[in-house]
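Below, read A as the first sequence line, B as the second, and so on, with proteins coming before strands; counting in each chain starts at 1. Values below: every heavy atom of this structure, side chains too, minus hydrogens, waters and symmetry copies.
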Amino acid sequence: MTQTMFDKLWQRHVVAGDDGEPQLLYIDLQLLHEVTSPQAFEGLRENHRKVHSPERTFATLDHNVPTEDIFNVKDAISRKQIETLRANTKEFGIRFADVGSDEQGIVHVIGPELGLTQPGMTIVCGDSHTATHGAFGSIGFGIGTSEVEHVLATQTIWQTKPKTMGVHVHGKLPHGVYAKDIILGLIAREGVAFGTGYAIEYYGDTIEALSMEERMSICNMTIEGGAKYGSIRPDQTTFDYVRGRKYAPKNMDAAIADWQTLYTDSEDDFDRVIDFDVTTLAPIVSWGTNPGMAVPVDHPFPEIQNDDDKKAYNYIGLKPGQTAEQIPIEFAFFGSCTNGRLSDLKVAANVLKGHHIAPGVTALVVPGSRSVKNAAEKLGLDQIFKDAGCDWREPGCSACLGMNPDQVPAGVHCASTTNRNFEGRQGVGARTHLASPAMVAYAAINGHFVDIRKVAD
Amino acid sequence: MKPIGQITSTVVAVMDDNIDTDQLVPKQAIKDTTRKNYGDVLFSNRRYLEDGRLNPEFVLNDFKHEGAQILITGHNFGYGSSWEHAVWALRDYGFQAVIAKNFNDIFYMNCINNGVLPVKLADEQCDQLASLPADQPVTIDLPQQTVTFAGQTAQFEINAFWKDRLVKGIDDIEATETFDNAIKKFEQRRVEE
Ligand code: SF4
């Protein structure tokens with residue numbers, strides 16, 4: 001019988017349970033952060049349980065850390081969450097990337113960077129963007145805190161196997177169009193729930209030509225399309241990325257030989273296949289309050305079709321028929337687990353070099369991890385950003401979710417490289433517009449979005 | 001966890017589609033380190049006015065719906081983050097069940113894991129439930145997998161495995177610990193390969 005990569009990966013990890021029923025899956029790696037783990041550790045303590053496999057667990061700080069002065073957490077509640085994780089990891093013997101450590105950063109950035117994330121694995125984290133790790137040909141998915149506790153205690157989790165969906169992405173990406181536009185364009189076309197109940201695999205010549213970082217941006221936002229899992233089969237690009245990283249397999253050749261047996265046998269094995277041609281794809285900008293409310297940069301915003309649209313227009317302060325060029329941008333945010341990696345910062349810096357952001361615009365540049373920050377500084381990117389008038393910050397989630405001091409003020413339109421434009425996501429009343437790093441960089445310079453296909457070199 | 005059998009209660013409806021976890025609980029609330037007392041923050045951006053007073057326009061604040069233990073809602077409920085706080089808030093507010101047109105996958109599991117019964121019904125049935133008079137009770141029978149309202153009975157699907165857990169109120173981890181040997185064997189096989 002032929003199978004998809006997802007089926008093969010799943011089968012490999014089943015500890016108990018019959019096909020078609022919830023099955024007990026073995027988890028190879030659990031990543032932790034400070035927000036969704038305290039209650040899980042509390043539960044362990046209350047029931048006198050230990051962590052089953054501390055060596056399969058890794059913790060970092062990201063959501064709460066202040067990016068201006070990372071050591072000085074002024075907010076008492078944030079500080080408590082941070083200190084709680086510090087104490088919990090110590091008590092239970094779990095590896096921990098504390099602030100200041102070379103390994104600290106956004107959980108979905110550091111996992112791959114450290115080589116913790118590998119093809120063939122099952123990876124969980126109390127965070128919906130765990131789908132990111134699927135870019136390596138693994139099963140990565142977000143879980144709730146009860147499940148975090150369950151995995152800590154047993155290294156397993158009960159899950160119902162989802163259906164599988166193949167997304168065939170093909171064609172050459174036009175000039176000025178990026179991986180971010182693929183996923184935004186797909187969600188804009190298919191809606192924010194098209195993936196509910198499915199595990200998605202992206203494939204096709206477009207995907208094969210992408211770097212690991214670009215592949216991660218796509219898998220990362222799979223959850224915005226409703227699917228818990230997004231994956232891409234591992235190939236030479238994947239192997240080259242993993243090789244030599246701190247926690248990469250010792251015997252890479254044997255590992256690669258094994259990973260290559262995991263491929264989807266045939267397109268027919270997917271329960272559903274959708275086709276996405278990128279040859280005419282344009283840069284995408286979100287106008288509303290979910291990532292599906294997005295249009296090509298040169299298209300007018302849609303007419304109001306339902307209450308959702310009405311509510312969204314009300315909140316965002318725009319009107320049907322306007323275009324992205326008419327959004328008055330006063331804030332630009334570069335960062336997050338979607339676009340806070342070195343290649344993203346390079347793209348943005350390349351645009352900003354020799355320019356200055358528009359008067360009245362505030363721009364934050366927040367590297368996804370300490371190692372991204374160090375690498376960027378080595379290349380002198382920090383200076384380019386500062387010369388352009390941007391704030392160069394310490395690694396963390398920052399204004400992606402406005403849970404730390406970095407927030408977009410109420411009523412302000414923010415061009416953002418992040419993944420969610422929900423009401424209040426970047427701060428109370430903040431108006432988020434999702435786009436690629438290049439688009440956000442041009443928006444920062446101009447004070448509004450521009451069609452970068454016409455200006456970019 | 002408390003076993004769930006029958007739930008009989010009036011309902012309250014928030015019929016928007018795509019109600020995301022950011023709407024269900026504000027960020028400030030998820031900074032807590034405990035599992036308790038999230039009831040006050042549920043829907044807080046809509047429930048409270050800027051000055052902290054209750055927003056009289058929001059349906060949860062309508063005294064007619066006081067004590068309703070069943071929430072009726074639209075498509076893709078619980079979309080967004082994996083924050084279980086969203087379910088804790090529903091539970092602590094007093095909701096024992098949510099009837100939706102459909103649920104986000106992660107959120108659905110979070111409901112199961114906290115004994116808040118997720119019930120998916122057809123669009124028309126949800127819309128009908130939403131328009132019931134405020135004082136009209138609805139009965140959800142988990143063992144029978146039915147929702148009875150306004151003289152009719154609708155059937156709903158739930159996986160037998162999850163249902164069994166909810167009906168018996170089984171502690172997840174304790175149940176999995178009985179698979180200890182299988183887990184050990186799995187790990188051993190891994191090492192040998
Ligand atoms: S960067 Fe944003 S989306 Fe990613 S983990 Fe942090 S808060 Fe979540």
Side-chain angles (χ1 to χ4, degrees), chain A residues 13 15-17 21-22 24 26 35-36 38-39 42-43 47 49 52-53 64 75 77-78 80-81 84 125-128 130 141-147 149-150 153-156 158-160 162 192-193 196-197 223 226-228 290 292 306-308 311 401-403 420 422-425 428, chain B residues 15-18 20-23 26-28 30-36 45-46 50 74-76 79-88 102-114 159-162 165 171-180 182-187 190 193:
Chain A
H13 290 89
V15 175
E21 290 301 313
L24 191 64
Y26 193 77
V35 179
T36 52
Q39 295 86 353
E42 197 52 45
N47 295 289
R49 291 186 172 116
H52 187 280
S53 308
N64 276 291
D75 180 275
I77 319 176
S78 289
K80 175 141 186 249
Q81 255 187 2
T84 303
C125 175
D127 196 285
S128 59
T130 311
F141 58 104
I143 58 179
T145 298
S146 297
E147 293 174 314
E149 184 180 338
H150 191 282
T154 67
Q155 208 54 38
T156 60
W158 290 98
Q159 288 286 302
T160 316
V192 291
T196 304
I223 186 72
K228 232 158 103 163
N290 75 45
N306 51 41
D307 284 353
D308 262 18
K311 226 171 121 230
L401 88 167
M403 177 167 190
R420 284 188 180 145
F422 298 161
E423 282 188 22
R425 173 75 181 181
V428 178
Chain B
M15 289 313 286
D16 313 53
D17 289 335
N18 305 315
D20 58 68
T21 46
D22 283 65
Q23 286 182 55
K27 247 104 44 183
Q28 251 3 62
I30 68 161
K31 288 166 87 163
D32 210 335
T33 53
T34 73
R35 248 184 238 256
K36 296 187 193 85
N45 291 344
R46 295 167 75 172
E50 258 169 50
H75 283 287
N76 202 19
Y79 174 62
S81 303
S82 65
W83 302 337
E84 202 161 309
H85 313 67
V87 179
W88 299 336
N102 54 47
F103 292 87
N104 167 270
D105 291 339
I106 298 178
F107 185 84
Y108 187 89
M109 281 312 300
N110 287 344
C111 283
I112 299 269
N113 288 326
N114 285 282
N159 178 283
F161 185 88
W162 305 134
R165 291 214 155 167
D171 175 288
D172 254 18
I173 298 179
E174 215 173 288
T176 303
E177 281 169 347
T178 63
F179 289 88
D180 233 17
I183 297 171
K184 279 212 189 81
K185 251 194 234 142
F186 180 94
E187 288 180 321
R190 275 299 206 60
E193 266 167 17

What closest approach, in Å, do Q81(A) and I30(B) show between heavy atoms, and which atom pair accounts for it?
NE2-O, 2.8 Å
Interchain contact, N47(A) with chain B, by part (heavy-atom threshold 4.5 Å)
neither
Contacting moiety of D75(A), where chain B heavy atoms sit under 4.5 Å
side chain
With sequence neighbours excluded, tell me which residues meet side chain to side chain donor-acceptor pair (under 3.5 Å) with E187(B).
Y26(A)
If you tally heavy-atom pairs under 4.5 Å against chain B, which of G144(A), P22(A), S78(A) wins?
P22(A)
Considering residues at least two apart in sequence or located in another chain, which fulfil the side chain to side chain donor-acceptor pair (under 3.5 Å) criterion with E149(A)?
R35(B)
Out of G142(A), A153(A), G424(A), return the one with the most heavy atom pairs under 4.5 angstrom to chain B.
G142(A)
So which of T130(A), D127(A), L401(A) has the biggest tally of heavy-atom pairs under 4.5 Å with chain B?
L401(A)
On a heavy-atom basis, the closest approach of E174(B) and R49(A) is N-NH2, 3.6 Å
What are the two closest non-hydrogen atoms of S82(B) and S128(A), and how far apart are they?
OG-N, 3.6 Å
Shorter than 4.5 Å, heavy atoms on both sides: which option in S146(A), G292(A), P38(A) has the most such pairs with chain B?
S146(A)
Pick one of side chain, backbone, both or neither for H85(B), based on which atoms fall under 4.5 Å of a heavy atom in chain A.
side chain
T84(A), part contacting chain B, at a heavy-atom distance under 4.5 Å
side chain
Closest non-hydrogen contact found for W162(B) with Q159(A) is CH2-N, 4.4 Å
In terms of heavy-atom proximity below 4.5 Å to chain B, should L24(A) be classed as side chain, backbone, both, or neither?
side chain
Can T33(B) and E42(A) be counted as having a side-chain donor-acceptor contact under 3.5 angstrom?
no
Would you mind checking which part of N290(A) comes under 4.5 Å of any heavy atom in chain B, side chain (CB onward), backbone (N, CA, C, O), both or neither?
side chain
Heavy-atom closest pair (T154(A) atom, I183(B) atom, distance to 0.1 Å) is O-CD1, 3.8 Å
Max heavy-atom pairs within cutoff under 4.5 Å with chain B, candidates T36(A), N64(A), D308(A), D307(A), goes to D308(A)
Can you check whether I77(A) reaches D32(B) side chain to side chain, under 4.5 Å on heavy atoms?
no
Looking only at heavy atoms, the pair that brings S81(B) and R425(A) closest together is OG-NH1, 3.8 Å
Let me know if D180(B) has heavy atoms under 4.5 Å from chain A in its side chain, its backbone, both or neither.
neither
Max heavy-atom pair count under 4.5 Å with chain B, selected residue of A16(A), A193(A), A227(A), G226(A)
A193(A)
Is it the backbone or the side chain of H13(A) that comes under 4.5 Å from a heavy atom of chain B, or both, or neither?
both
Below 4.5 Å from any heavy atom of chain B, which atoms of S53(A) appear? Answer side chain, backbone, both or neither.
side chain
Taking the side chain from D105(B) and the backbone from T196(A), do they hold a donor-acceptor pair closer than 3.5 Å?
no
